[in-house]
Amino acid sequence: MAIYKALTIAGSDSGGGAGIQADLKTFQEIGVYGMSVITAVTAQNTLGVQGVYPMSAEAVERQLASIGEDLRPDALKTGMLFSGEIIRIVAAAIKKYTWEQIVVDPVMIAKGGASLLQQEAIDAMIHSLLPLADVVTPNIPEAEALSGMLITDRESRQKAALRIHAYGCKHVMIKGGHEANTEQATDLLYDGASFTEFTSKRLVTQHTHGTGCTFAAALTSGLAQGLTTKTSLQLAKNFIQAAISEPLHIGSGHGPTNHWAYQQGVRAAESKDTTTRGVR
Ligand SMILES: Nc1ncnc2c1ncn2[C@@H]1O[C@H](COP(=O)(O)OP(=O)(O)O)[C@@H](O)[C@H]1O
Ligand SMILES: Cc1ncc(COP(=O)(O)OP(=O)(O)O)c(N)n1
């Protein structure tokens, strides 16, 4: 059996719903071997972010080298990178070790409003990391920051995707979780030639902590397994829809999504087609 390996380069969420923890849970559920490089430790729970503690440049470089010298990832994702310095270190490692299938989730601000990326780092993200990305997955506020324009409707979202694509990434997926007053959650893909929309029913719940991390980790898992970009994006959409639709109801604030739900659904569908009976 082939073992596919995926790497997450991201921050730790002590509450377990986002960041490294969400990524590793998602990799495991989809069946890829998960590895991690930790860029920052956050003290976080369902009520918000209580502290941010970035790792030193040396610690990030050393973790990247440990992976690079021994364990080649089939795909990788970046999440919270915190500073321009860490972004440049990550970009240099991607080039040095010729890593491929790069997903950049340009994490900037947690849903509660805490800043997870320094302002000066946006430039480094645009010029050092986006040109290396196979897929970049901003939410609407992140797409606005990267493109320097407001997104108010489908047309402006398409225009922002074109601007972000011009930084040199292969695919831009602008996620629609933050869109207001819609019955559907629509994510827009631009692949350099045409637009594709991935749509699902918008679920009414406050338990959406970590949706972006989980989505990007599922996408990375698909790419690591050799699926096409579009198939991996559909897998990610199905995974996050299941994860949001079966909330765990833990914590007293914005709870995490349910990383078990997708596989439970797959198993339930399989068991419908299976009959088990005793045979003498
Ligand atoms: N309430 C919701 N119902 C269904 N899908 C959602 C909902 N909120 C977010 N999503 C989906 O979750 C994924 C992550 O989107 P988003 O929440 O915009 O990212 P982020 O966590 O980075 O802000 C996208 O596929 C989006 O469509
Ligand atoms: C450590 C860490 N990384 C990323 C995030 C942001 O996660 P995201 O999936 O965008 O979910 P929300 O925080 O916006 O709910 C984070 N919070 N912590």
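Ligands are counted one by one from 1 in listed order, and the atoms in each one are counted from 1 as well. Sequential numbering from 1 along the given sequence is applied to the chain's residues. When reading the values below, keep in mind they use all heavy atoms of this one structure, side chains included, and skip hydrogens, waters and symmetry mates.
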Peer 1: Considering only non-hydrogen protein atoms, determine which one is nearest to atom 22 (O) of ligand 1 and report residue, atom name and distance to 0.1 Å.
Peer 2: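 In this structure, atom 22 (O) of ligand 1 has K175 NZ, 2.8 Å as its nearest protein heavy atom.
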Peer 1: What part of D187, side chain from CB on, backbone N/CA/C/O, both or neither, has a heavy atom under 4.0 Å from ligand 1?
Peer 2: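 Side chain only.
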Peer 1: Between T186 and ligand 1, does any nitrogen or oxygen pair lie at a separation below 3.5 Å?
Peer 2: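 No, T186 has no N/O under 3.5 Å of an N/O on ligand 1.
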Peer 1: Do T214 and T211 get their side chains close enough for a donor-acceptor pair, meaning under 3.5 Å?
Peer 2: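 Distance-only check fails for T214 and T211.
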Peer 1: Test your reading of the structure: does H178 have an N or O sitting under 3.5 Å from an N or O of ligand 1?
Peer 2: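 Checking ligand 1 against H178, an N or O pair does fall under 3.5 Å apart.
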Peer 1: Which atoms of ligand 2 have any heavy atom of L116 under 4.0 Å away?
Peer 2: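 That gives atoms 4 (C), 5 (C), 6 (C), 16 (C), 17 (N), 18 (N) of ligand 2.
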Peer 1: Suppose we measure from atom 6 (C) of ligand 1 to each protein heavy atom; which comes out shortest, and what is that distance?
Peer 2: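 Protein heavy atom at minimum distance: I244 CD1, 3.4 Å.
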Peer 1: Is there any N or O on A110 that sits under 3.5 Å from an N or O of ligand 2?
Peer 2: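 A110 vs ligand 2: no N/O contact under 3.5 Å.
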Peer 1: Would you please name every residue forming a side chain to side chain contact (heavy atoms under 4.5 Å, CB included) with H254, sequence neighbours left out?
Peer 2: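 If we apply the side chain to side chain contact (heavy atoms under 4.5 Å, CB included) test to H254, skipping adjacent residues, the hits are Q206.
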Peer 1: Only distances under 3.5 Å count here; give the side-chain donor-acceptor pairs of residues 75-93 to other protein atoms, sequence neighbours excluded, each with its distance to 0.1 Å.
Peer 2:
residue	atom	partner	partner atom	Å
K77	NZ	D23	OD1	3.1
K77	NZ	D23	OD2	2.7
S83	OG	I86	N	3.1

Peer 1: Report yes if some N/O of D105 lies less than 3.5 Å from some N/O of ligand 1; otherwise report no.
Peer 2: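 The answer is no, given that D105 and ligand 1 share no N or O pair closer than 3.5 Å.
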Peer 1: Once you measure the plane-to-plane angle for Y167 and H127, does it fall in the parallel (<30°), tilted (30-60°) or perpendicular (>60°) bin?
Peer 2: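 Perpendicular.
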Peer 1: Does ligand 1 have any atom sitting under 4.0 Å from a heavy atom of K111?
Peer 2: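 A heavy atom of K111 does come that close to ligand 1.
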Peer 1: In the protein, which heavy atom is nearest to atom 12 (O) of ligand 1, and how far is it?
Peer 2: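 In this structure, atom 12 (O) of ligand 1 has I240 CG1, 3.7 Å as its nearest protein heavy atom.
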Peer 1: With atoms numbered from 1 as shown, which atoms in ligand 1 lie under 4.0 angstrom from a non-hydrogen atom of A185?
Peer 2: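 Here the atoms of ligand 1 in question are 4 (C), 5 (N), 6 (C), 27 (O).
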Peer 1: In ligand 1, which numbered atoms sit nearer than 4.0 Å to a non-hydrogen atom of Q241?
Peer 2: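 Under 4.0 Å from Q241, ligand 1 has these atoms: 4 (C), 5 (N).
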Peer 1: Between Q44 and T42, is there a side-chain donor-acceptor contact under 3.5 Å, judged purely by atom types and distance?
Peer 2: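 Per modelled atom types, T42 and Q44 side chains form a pair under 3.5 Å.
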Peer 1: According to a hydrophobic-cluster definition based on side-chain heavy atoms being under 4.5 Å apart (Ile, Leu, Val, Met, Phe, Trp, Tyr only), do L117 and I109 belong together?
Peer 2: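 Yes.
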Peer 1: Given side chains that start at C-beta, do those of V104 and C169 come closer than 4.5 Å, heavy atoms only?
Peer 2: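 Not in contact.
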Peer 1: Does an N or O from T208, backbone or side chain, lie closer than 3.5 Å to an N or O of ligand 1?
Peer 2: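 By distance alone, the answer is no.
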Peer 1: Can you tell me the protein heavy atom closest to atom 3 (N) of ligand 1 and the distance?
Peer 2: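 Ranked first by proximity to atom 3 (N) of ligand 1 is L203 N, 2.9 Å.
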Peer 1: Can you find a pair of side-chain heavy atoms, one from T220 and one from V32, that are under 4.5 Å apart?
Peer 2: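 Counting from C-beta outward, T220 and V32 never come under 4.5 Å.
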Peer 1: Heavy-atom distances under 4.0 Å are what count here, so tell me which part of S12 touches ligand 2: side chain, backbone, both or neither.
Peer 2: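 Just the backbone.
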Peer 1: Can you tell which of G113, G11, C213 gets a heavy atom nearest to atom 7 (O) of ligand 2?
Peer 2: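 Considering heavy atoms of G113, G11, C213, the nearest to atom 7 (O) of ligand 2 sits in C213.
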Peer 1: Would you kindly specify which portion of K201 sits under 4.0 Å from ligand 1, judged on non-hydrogen atoms: side chain, backbone, both or neither?
Peer 2: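 Contact part for K201 vs ligand 1: backbone (N, CA, C, O).
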Peer 1: Please list, in number order, the atoms of ligand 1 under 4.0 Å from a heavy atom of F215.
Peer 2: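 Within the 4.0 Å cut-off of F215, ligand 1 contributes 25 (O).
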Peer 1: Y190 and V103: same hydrophobic cluster, using ILVMFWY side-chain contacts below 4.5 Å?
Peer 2: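 Different clusters: Y190 never reaches V103 through Ile, Leu, Val, Met, Phe, Trp or Tyr contacts under 4.5 Å.
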Peer 1: Compare all side-chain heavy atoms of L64 with those of W99 and state whether any distance is below 4.5 angstrom.
Peer 2: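 A side-chain contact exists here, since the closest heavy-atom pair is under 4.5 Å.
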Peer 1: So, regarding G177 and ligand 1 (criterion: nitrogen or oxygen to nitrogen or oxygen, under 3.5 Å), is there a contact or not?
Peer 2: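 So ligand 1 has an N or O lying under 3.5 Å from an N or O of G177.
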Peer 1: Can you find an N/O atom of G212 closer than 3.5 Å to an N/O atom of ligand 1?
Peer 2: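 N/O-N/O distance under 3.5 Å: yes.
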Peer 1: Closest heavy-atom contact between A10 and T8?
Peer 2: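 Result for this residue pair: CB-OG1, 3.5 Å.
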Peer 1: Geometry only, no angles: is H209 polar-contacting ligand 2 at N/O separations under 3.5 Å?
Peer 2: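 The answer is yes, given that H209 and ligand 2 share an N or O pair closer than 3.5 Å.
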Peer 1: Counting neighbours of CD on E155 that are heavy atoms of other residues, nucleotides or ligands and sit closer than 6.0 Å, is the number greater than 12?
Peer 2: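 No, the 6.0 Å shell around CD holds no more than 12 heavy atoms from other groups.
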Peer 1: Looking at non-hydrogen atoms alone, which of N139, T214, T199 comes nearest to atom 20 (P) of ligand 1?
Peer 2: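 Nearest option to atom 20 (P) of ligand 1, by heavy atoms: N139.
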Peer 1: Which of the atoms of ligand 2 are close to G212, meaning less than 4.0 Å from one of its heavy atoms?
Peer 2: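 Per the distance check, 9 (O).
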Peer 1: Parallel, tilted or perpendicular: which describes the rings of F239 and H259, with under 30° parallel and over 60° perpendicular?
Peer 2: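 Ring orientation of F239 relative to H259: tilted.
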Peer 1: Hey, which of R157, E144, R163 is the one that makes side chain to side chain contact (heavy atoms under 4.5 Å, CB included) with M149?
Peer 2: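 Testing each of R157, E144, R163 against M149, the sole residue satisfying side chain to side chain contact (heavy atoms under 4.5 Å, CB included) is R163.
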Peer 1: Heavy-atom distances under 4.0 Å decide this one: backbone, side chain, both or neither, for T211 against ligand 2?
Peer 2: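 Only the backbone of T211 comes within reach of ligand 2.
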Peer 1: Could you tell me whether G210 and ligand 2 have an N or O pair separated by under 3.5 Å?
Peer 2: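 Indeed, backbone or side chain, G210 has an N or O that close.
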Peer 1: Would you mind checking which non-hydrogen protein atom is closest to atom 17 (O) of ligand 1, with the distance to 0.1 Å?
Peer 2: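 The closest heavy atom on the protein side is T211 OG1, 3.0 Å.
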Peer 1: Test of understanding: given a 4.0 Å heavy-atom threshold, classify the contact between Q44 and ligand 2 as side chain, backbone, both, or neither.
Peer 2: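 It is the side chain that touches ligand 2; the backbone stays farther off.
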Peer 1: Is there a nitrogen or oxygen of G176 sitting under 3.5 Å from a nitrogen or oxygen of ligand 1?
Peer 2: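 Between G176 and ligand 1 (N or O atoms, distance only) the closest approach is not under 3.5 Å.
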Peer 1: Given the rule in the side-chain contact (heavy atoms from CB on, under 4.5 Å) test, do L223 and D74 qualify, once you have shown the distances and angles that lead to the verdict?
Peer 2: CA-CA 8 Å; L223 293 175; D74 296 294; over 6 Å; no
Peer 1: Give a yes or no on whether a salt bridge exists between K96 and E61, defined as a side-chain N under 4.0 angstrom from a carboxylate O.
Peer 2: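 No salt bridge links K96 with E61.
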Peer 1: Among K170, K95, E100, whose side chain to side chain contact (heavy atoms under 4.5 Å, CB included) with L132 holds?
Peer 2: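 Filter result, single survivor: K95.
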Peer 1: Below 3.5 angstrom, do we get any N/O pair linking K111 and ligand 2?
Peer 2: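 In this structure, K111 places an N or O atom under 3.5 Å from an N or O of ligand 2.
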